2 protein chains.
Amino acid sequence: MDGRDVSAASGVTIYEVARRAGVSIATVSRALRGTGPVAGATRERVLRAVEELRFTPSRAGVSLAEGRHAANGIVFPNLSGPYFAEVLIGYEEVTSELGRSVVILSTKGRDLSTKERGLSVKGRRLSAHGPDLSLNEPGLPGQGHDAIRDLVRELAGRVDGLVVFGSTVPDDVIDELVASRLPLVLISHAERPGAVTLRSENVSSARALATHLLGHGYRTFAFLGAPYATGDDVDLRWQGVHEVLGDAVQPVLTAEYTVESGYEAALRLLGTRDRPEAVICSDDEVALGAILAAEELGLSVPDDVAVTGWDDIMAARHARPALTTVRQPMRELGARAARALDELIAGASLEDSHRTLDTELIIRSSCGQHPHEPHLQELNPQELNRQARHAEESHPR
Amino acid sequence: MDGRDVSAASGVTIYEVARRAGVSIATVSRALRGTGPVAGATRERVLRAVEELRFTPSRAGVSLAEGRHAANGIVFPNLSGPYFAEVLIGYEEVTSELGRSVVILSTKGRDLSTKERGLSVKGRRLSAHGPDLSLNEPGLPGQGHDAIRDLVRELAGRVDGLVVFGSTVPDDVIDELVASRLPLVLISHAERPGAVTLRSENVSSARALATHLLGHGYRTFAFLGAPYATGDDVDLRWQGVHEVLGDAVQPVLTAEYTVESGYEAALRLLGTRDRPEAVICSDDEVALGAILAAEELGLSVPDDVAVTGWDDIMAARHARPALTTVRQPMRELGARAARALDELIAGASLEDSHRTLDTELIIRSSCGQHPHEPHLQELNPQELNRQARHAEESHPR
DNA sequence: GGAACGAATGGAAGCGCTTACATTGCCACG
DNA sequence: CGTGGCAATGTAAGCGCTTCCATTCGTTCC
């Protein structure tokens, strides 16, 4: 390892190939990329030399000369939840098909900057039932921010385009990216001039979910895992729920969107005398935590308290009771983002650049036995496979 | 987008910075990287120019000149299971800390090449309970192989080192990588000269698990999700189990290591008259499928049949009954791989290059109430947090 | 007071590739 | 038989950066 060798995978350069084949490097290049005419015999010789020398073009050399990286990036908060992993699967698959590599960057946790916390609902201030986990001193440019900024810059420097999740990255960093004219797709982020945005439907799904719960006869509700930022997915879910339920639903903050914080918040919430009849959780993991908390408190789900989630992650189906939730097409989201980004890189304009994917309400048993619904066959093989097919079949372009 | 601009993130080159600061590009470079002496005032001017122009060095230019990519790759079969996602988290985190980017490549499914299928046990040929999913025609170089080969080469060309999971990549491709002297870390792969290998302990954990089940009084067993390749994790688990249980355990193939194929195989297995008393599954997802199948058949777990998993993924804790399993330090595995790779890149030798991480037997309720064990507190907050801490605290280097 | 030294800087040669442009033959056509 | 045209190939100019080496001064030390 002398460190002076970019193509560690070979060390062979186009010059050696050229010499061996008895041609110029230009001809080697043309033969390999199929640009420009090359005589059959010549091509043969070149290819043989390439084979014998195990030549692989240096990526850095190609990038520099071509003026592109043939790589796309993606920034997400973390992969520990199944949600981001699923989106990443869809993204990687399509990006790879498009002949580009995928460079990832995890920001380790959502950006819970103080200024965006503490939403108020109709003037009523919300109390956090979880500890406040704000990372940054108010006013100060949090060091976390600057670290993220540098990492994102670094990433931006090695890709032709970028996908960024919701509130993983401070808005001014987004602005910087837009200003640099880097093709940019934002997932679950408020619309923003200069970037394509993409998300799953939230508001009307939330309305449907809330309506369904009303049909069960519940009259008091909590929304567990209240939104951290306006315009993010959870905020929209809250809006939809709140629209239908009005003051009957009480927003409750969690520290994060994890099983642990769902558990902790639910423990406090359900331990009180006037606990709600139904707990609408901002995502499945929070809901799983809530179910654990209920169990811990000796409460039966759904008889004593109903619980719903969001996303339909794998564990949602295996939990007992199985979780009523809203399925969003996670892989599809990633796949769409990849294609949109590709179009942007190819020079597409930003017209009509805000898309929303449909979701599906999945009724299982955690919300109670619905009087009007037929009993759902949880083990239906159809359902077993639906999620996989979903990504491929629905929403054809 | 004129396509002729590598640093899409700025378009500004070091020349413009130099002109603006009134110095040469050499000085700009030195000022920015801190190599070589630069007068304080000069540095100031350079930094100001950089700031004003929003200059970011072109990654391709730097890579070409430096002779390195400052990026590491990782190849995994897929991300849909939590296992690989968790390993990736650990890998990304450490690699990122080391100042390198992470380029990912998913091969979409394990390499189930025919030649490696159909293991025999003591001369007895195994029958597959699932459909044979072999991708390649026997003898023919499967197209899947060549596609993977190209993708891996491409990846290898843009990184300084590579981590590859078990049997995601054909062995001859591995050989090619080794021959090219690309720093290489193999996770859960048989030892191989020229590469570091890393895995979680399997054999003795499997022995412990089998022994525990014997303690429950079970006498007939199935091993669900039999190994596809010799030397992979599942093969070693099978070995350990088989060592302890001998002919009392029957190996049963699944099509894949997924909930669906676990479900299907278990449906067949448990539907028979002489079903085993305990089903030892090769991983948690197969086990979750087995539990679903048992439920479908009206069998109680663990009363009618015991089920165990492996990995301790999130859903294992939330399943009912909660899954007895073997926890392996997935993030730690990724983190270790990242550090080992870094050392290799830095020029470390390949001495002592085969490491095994410890696992932990997690007894929950799916294996039955053990006569000798105290009742396990499933909701213990300690357990809730253990996994997270695990990755950080255990196995300090 | 001059030599020796080191700090500060610039010049220029690559790093490995792509590609515009120049060059060389060869054939067909008038 | 001359020539326009085109296929096949070579030449060389970058792409944006790092770094070796040379150059220029201001010091310091005898």
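Values in this document were obtained by computation on a predicted structure and should not be read as measured data. Naming: A, B, ... by sequence-line order, numbering from 1 per chain.
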Chemist: I'd like to check the side-chain contact (heavy atoms from CB on, under 4.5 Å) partners of B/R20; sequence neighbours left out, ordered by chain and number.
Modeler: B/A49, B/E52, B/L53
Chemist: Kindly write out the residues that satisfy side-chain contact (heavy atoms from CB on, under 4.5 Å) with B/I25, not counting sequence neighbours, or none if the list is empty.
Modeler: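 B/I14, B/Y15, B/A18.
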Chemist: With sequence neighbours left out, what residues match B/E154 under side chain to side chain donor-acceptor pair (under 3.5 Å)?
Modeler: B/R158
Chemist: Kindly calculate the angle separating the two end axes of the helix from C/dG1-D/dC30 to C/dG30-D/dC1, each obtained from five base pairs, and round it to 10 degrees.
Modeler: 50°
Chemist: From C/dG16, D/dC17, D/dT9, pick the nucleotide closest to the side chain of A/P37?
Modeler: D/dT9
Chemist: Who passes side chain to side chain donor-acceptor pair (under 3.5 Å) against A/S29, sequence neighbours left out?
Modeler: none
Chemist: Select one nucleotide: of D/dC17, C/dA8, D/dC15, the one nearest the side-chain heavy atoms of A/L64.
Modeler: D/dC15
Chemist: List the residues meeting salt bridge (Lys or Arg N to Asp or Glu O under 4.0 Å) with A/D150, not counting sequence neighbours, and say none if there are none.
Modeler: none
Chemist: How long is the line joining NE2 of B/H69 and P of C/dC15, in whole Å?
Modeler: 16 Å
Chemist: What closest approach, in Å, do A/I187 and A/L333 show between heavy atoms, and which atom pair accounts for it?
Modeler: CG2-CD2, 3.8 Å
Chemist: Under the rule for side-chain contact (heavy atoms from CB on, under 4.5 Å), what residues qualify as partners of A/I89, not counting sequence neighbours?
Modeler: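 Only A/E86, A/R331, B/L79, B/S80 meet the side-chain contact (heavy atoms from CB on, under 4.5 Å) criterion with A/I89.
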Chemist: For residues 22-33 of chain B, which residues have at least one heavy atom under 4.0 Å from DNA chain C?
Modeler: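 Hits under 4.0 Å, by residue number: B/G22, B/V23, B/S24, B/A26, B/T27, B/R30.
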Chemist: Sequence neighbours excluded, which residues qualify as side chain to side chain donor-acceptor pair (under 3.5 Å) partners of B/E16?
Modeler: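 For B/E16 there are no side chain to side chain donor-acceptor pair (under 3.5 Å) partners, ignoring immediate neighbours.
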Chemist: Using the test side chain to side chain donor-acceptor pair (under 3.5 Å), find all partners of A/T197 that sit at least two apart in sequence or belong to another chain.
Modeler: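 Counting only residues at least two positions away or on another chain, A/T197 forms a side chain to side chain donor-acceptor pair (under 3.5 Å) with A/H354.
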Chemist: Can you build the contact string for nucleotides 23-28 of chain C? Use B for base contact, S for sugar-phosphate-only contact, and - for no protein heavy atom under 4.0 Å.
Modeler: ------
Chemist: The side chain of A/S58 lies closest to which of these nucleotides: C/dC17, D/dC17, D/dT18?
Modeler: C/dC17
Chemist: By the salt bridge (Lys or Arg N to Asp or Glu O under 4.0 Å) test, which pairs, at least two apart or in different chains, include something from residues 27-48 of chain B?
Modeler: B/R33-B/E66
